[in-house]
S.K.: 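Can you read through this structure? Questions will come right after.
Both backbone and side-chain heavy atoms feed into the values below; hydrogens, waters and symmetry mates do not.
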Amino acid sequence: MSSRRTDVTPLRRERLYESLAEHISSFIDAQGLGPGDRLPSERQLAADLGVSRATLSRALAALETRGVIQVRHGVGALVAPGAAHVGPAGDSETLPSLDLGGRPSGEIAQAREAVLAGIARAAASNPREALKAALLADDGRPRLFDDTWRCIKRLADSSLLTDLDDGLAAGAPPPPDSPTLRGRLALLADAILRSDPSAAAMACTGLLGRPAVRHDPHHPHHPLDPHHPQVDVDLNQ
């Protein structure tokens, strides 16, 4: 008796942090919370919901990516304004802006990559290994730029660097999604998970698609040349 093989797509098991994010979103609606209203502290939410802080952090990062909440250093999670996270970089009128003064896009991209390198360094230096794994471990999904960087910023926990990046994002948006970009984001996430600040900063070089600067042996780059490819930037020095 021959058996006929049936190709059935396996059911997708919803991840805990995803259902938790939906639960928190429903809580916001049920409580009638509006823009600027503060959610309970992470410690209280984790205790009330019976989940780990790491799982809660990933759920909050997912909600921040969707524009449901904004996480402010020293303040906590706030319900986001309706106009939040418009545009490719998630900037809005509530976020600080920089006067770029018509500067060349390549120069702005280079400056943003330096800021991203500083954020990546700080994230890799975060001692909370469980939180790193919860936010950046490979879960089988494609790594997208905005999602990955919101998690990295959460690990960096630096409002100054985040504000600088938000201010530069309009002038230096991320490149279109591609296998190459996803691969570079995977290398960046791996460096952070390994707690390697230098490798994390190095992974940010050229991340925004800046053309490589060719080395001319007759005109070597000066260390202070703005076009010199500084690949390991430590903004804390």
Side-chain angles (χ1 to χ4, degrees), residues 61 64-65 67 70-73 80-81 83-124 143-189 191-192 197-216 219-237:
E64 189 173 18
T65 299
Q70 292 177 332
V71 179
R72 301 281 186 183
H73 177 65
H85 304 287
V86 295
D91 54 312
S92 71
E93 62 182 6
T94 65
L95 297 175
S97 60
L98 297 177
D99 182 7
L100 301 178
R103 296 180 181 275
S105 59
E107 182 179 350
I108 299 173
Q110 187 175 33
R112 189 183 181 195
E113 283 182 7
V115 174
L116 293 177
I119 294 173
R121 272 185 174 277
R143 289 193 184 275
L144 303 180
F145 188 93
D146 287 346
D147 293 348
T148 300
W149 273 102
R150 290 196 187 283
C151 291
I152 293 174
K153 288 177 181 179
R154 185 162 177 77
L155 286 169
D157 196 24
S158 172
S159 58
L160 175 58
L161 289 175
T162 296
D163 287 348
L164 286 172
D165 181 54
D166 290 336
L168 292 167
D177 182 41
S178 68
T180 299
L181 178 61
R182 294 181 184 183
R184 300 204 59 174
L185 292 173
L187 290 175
L188 171 59
I192 294 174
S198 294
M202 180 79 73
C204 296
T205 304
L207 189 62
L208 300 179
R210 292 188 297 114
V213 179
R214 293 184 178 180
H215 176 66
D216 184 347
H219 299 282
H221 294 291
H222 188 279
L224 298 181
D225 184 349
H227 299 292
H228 179 69
Q230 302 279 348
V231 298
D232 191 3
V233 182
D234 187 351
L235 299 183
N236 295 321
Q237 291 184 349

S.K.: With Arg184, which residues qualify under side-chain hydrogen bond (donor to acceptor under 3.5 Å, both in side chains), at least two apart?
M.R.: none

S.K.: Considering non-hydrogen atoms only, spot the tightest contact between Ala80 and Gly67 and give its length.
M.R.: CB-O, 3.3 Å

S.K.: Quick one: does Arg143's side chain get under 4.5 Å of Leu188's, heavy atoms only?
M.R.: no

S.K.: Determine the minimum heavy-atom distance between Leu144 and Leu185, stating which atoms define it.
M.R.: C-CD1, 3.7 Å

S.K.: Atom CG in Leu168, atom CG in Asp163: separation rounded to 0.5 Å?
M.R.: 11.0 Å

S.K.: Find the distance between CG (Leu207) and CE (Met202) and round it off to the nearest 0.5 Å.
M.R.: 13.5 Å

S.K.: Any side-chain heavy atom of Arg112 within less than 4.5 Å of one from Cys204?
M.R.: no

S.K.: Restricting to non-hydrogen atoms, name the atom on Ala123 and the atom on Leu155 that form the minimum distance, rounded to 0.1 Å.
M.R.: CB-CB, 3.7 Å

S.K.: Would you indicate whether the side-chain heavy atoms of Arg121 and Ser198 approach each other to under 4.5 Å?
M.R.: yes

S.K.: Identify the heavy atoms of Ala156 and Ile119 that sit nearest to each other, and give their distance.
M.R.: CB-O, 3.5 Å

S.K.: Within the 4.5 Å heavy-atom criterion, are Trp149 and Thr162 side-chain neighbours or not?
M.R.: no

S.K.: For the residue pair Ala120 and Ala201, what are the closest heavy atoms and their distance?
M.R.: CB-N, 4.3 Å

S.K.: Distance check, rounded to the nearest 0.5 Å: Leu181 atom CG versus Thr148 atom OG1?
M.R.: 8.5 Å

S.K.: Any salt bridge (charged side-chain N to carboxylate O under 4.0 Å, His left out) involving residues 167-177? Give me the pairs, sequence neighbours left out, ordered by first then second residue.
M.R.: Asp177-Arg182

S.K.: Enter the distance from Gln110:CD to Thr205:OG1 here, rounded to the nearest 0.5 Å.
M.R.: 10.0 Å

